[in-house]
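Step one of this worksheet: look at the structure below.
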2 protein chains.
Amino acid sequence: MTVSAPSRTQAERADQTRARILNAAVRQFSANGLAGARTEQIAEEAGVNKALLYYYFKSKEDLYAAALESAFDDVRVDSVAVMEKDATAGERLVQITLNSFDRSYTHPAVRTLMQQEMVRLHQGEENRMAQMAEKFFRPMWIKVDELLENGIASGELIAVDPQQIRYAALGANVFYFLTAPLTKLAFGIDPMERSKLEHRRKAAVEYLGQAIFIDREHGARVAARVLAATPMPQTNRLQSNKIEARKIANRKIKPDGTGEVRYK
Amino acid sequence: MTVSAPSRTQAERADQTRARILNAAVRQFSANGLAGARTEQIAEEAGVNKALLYYYFKSKEDLYAAALESAFDDVRVDSVAVMEKDATAGERLVQITLNSFDRSYTHPAVRTLMQQEMVRLHQGEENRMAQMAEKFFRPMWIKVDELLENGIASGELIAVDPQQIRYAALGANVFYFLTAPLTKLAFGIDPMERSKLEHRRKAAVEYLGQAIFIDREHGARVAARVLAATPMPQTNRLQSNKIEARKIANRKIKPDGTGEVRYK
DNA sequence: GATAACTTACTAACCAGTTAGTGAATATGA
DNA sequence: TCATATTCACTAACTGGTTAGTAAGTTATC
């Protein structure tokens, strides 16, 4: 993590710089939205000059698109992995729901970016999301719906609109995190605390066990099994809006601004 | 709706002007967010001069707060009404869920403003929402949770964490509307079409009938009864981002800009 | 004629994007 | 292998369009 040791090749350092910019952009855009984020601040947080943003990306919007994609790449991998497991439709669905819950707090930026992007989409500017919708959500949702159809056909799950089960299972998670700040305001309890998250993920799985399985005893067993198989992940950088100290390292002017230009 | 007929008193007209500004603000803020909305455009849409915004409201943020409150006043009334009905806990919960679903498309601005405000809250600026959390959401959620506890205690509802039922029931609705633009992109089907809404509200209620009632036949009857008792409301102004023609009326300069100042 | 409602015309700050350059790394070629 | 040409990564300082906000007025109503 130390940057002071300069990487060998120029290309390597460039890649790292680009990544630093992208990370800063993800944080700023997820916190303030496309309109609210400031390029100046992204640059500062990345420890570079603002003009460098335009060296790597052709516009603020372009940087936003890249940040969005970068954030998604983080979750894309482990999202699909779980789908291939060998288990009944019901158990898989429970597992998928639990994973989606866990991803919501291990990758908070993705969730926030999504929320904002959904608002933006409502008013038209869709082009950016079109690809992600196509490549990521569409196959994901189709697979889940197929899974549910099989589960219903086999008599394991209740005979209701399969998409509704999807909406209820995933929506409960989304709603929990979406309203977390409101809940904190209204009740003084922070739903993002580890103990609260622990309680909620258990409740979410147990609810599904009772709600969507025809045989509720079987559902309870499935829930217990999935919970036991999936320990709660770390919640390391939950509110990592802090500006890292290393940004000072590359400076050519002293932080206090009083001069000493290194070159010339 | 005609503005050309001048209202009698000065105070009345002032109230109307204020209301026009507020309506325009709700539309603009809900479409573009606090940072993205432009005061100039709000003024234009309200058919007044920008300076007038600052006659009625002391700043953009102040106007935003007023718009938020105004939007909420629209839904506050009918939100509580349904709670007082005489029915079992389960039936009430189903009814509340259906009402929340219907409100999502009859008052789209409230939903959008909420979504954005939730993102803003995540990063700290809470003061504005604190009152609404206290006066609106807290009593609402407490009542729902009490209802669910009773329903569980009486043996009507499944014995799981009552809050989880709330998250699942309301979250399914929120998730449906939240992801609507994404669904449209991914599948080419618009979830905001009347026929799709009709299908979804039915599925939502029927799902609850099967999911949260211990006696699923009883649940099915409850679902059918609630659906029959609650016809789907009109969906009149679903995408009313259009600027109304009346804004021209108050103009003193021709729309094309070529002059003719009326006075002097 | 006094006050409320509303506008014109302006300003100061902000902020995305640009320009003109610098030093360091890397390629070239003798 | 050394010297020199060229490209790469990066910065300070600026530009001009945009935008929230204001001051000083005009018109309408009581």
Is it the case that the ring center of A:F177 lies less than 6.0 angstrom away from the ring center of A:F101?
yes

Tell me the interatomic distance from B:E44, atom CD, to C:dT7, atom P, rounded to whole angstroms.
13 Å

A:S59 side chain: which of C:dG17, C:dC6, D:dT11 is closest?
C:dG17

Distance check needed: D:dG17 C1' versus A:K60 NZ, whole Å only.
15 Å

Under 4.0 Å between any heavy atoms, over every strand shown, what does B:A43 touch: base, sugar-phosphate, or nothing? Just pick one.
nothing

Could you tell me whether B:F57 contacts a base, only the sugar-phosphate backbone, or nothing, with contacts defined as non-hydrogen atoms closer than 4.0 Å?
nothing

Is the phosphate of D:dC10, meaning OP1 or OP2, less than 4.0 Å from a side-chain N or O of A:Y55?
no

To the nearest Å, how far apart are B:R13 CZ and C:dT3 P?
20 Å

In whole angstroms, the gap separating P of C:dT8 from CG of B:L53 amounts to 14 Å

With a non-hydrogen cut-off below 4.0 angstrom, is B:A51 in contact with a base, only sugar-phosphate, or nothing?
base

For a quick test of reading the model: is some side-chain N or O of B:T17 closer than 4.0 Å to OP1 or OP2 of C:dC6?
yes

Give me the distances for all protein-to-nucleotides 10-14 of chain C N/O pairs that come in under 3.5 Å?
none

Tell me whether the count of non-hydrogen atoms from other residues, nucleotides or ligands lying under 6.0 Å of NZ in B:K184 goes above 12.
no

I need the CD1-P distance between A:I21 and D:dA9, as an integer number of Å.
11 Å

Roughly, in whole Å, what's the span from CG in B:N49 to C1' in D:dT26?
13 Å

Rounded to whole angstrom units, what separation is found between the CG atom of A:D15 and the P atom of D:dA9?
9 Å

Integer-rounded Å distance: C:dT8 P and B:Y54 OH:
17 Å

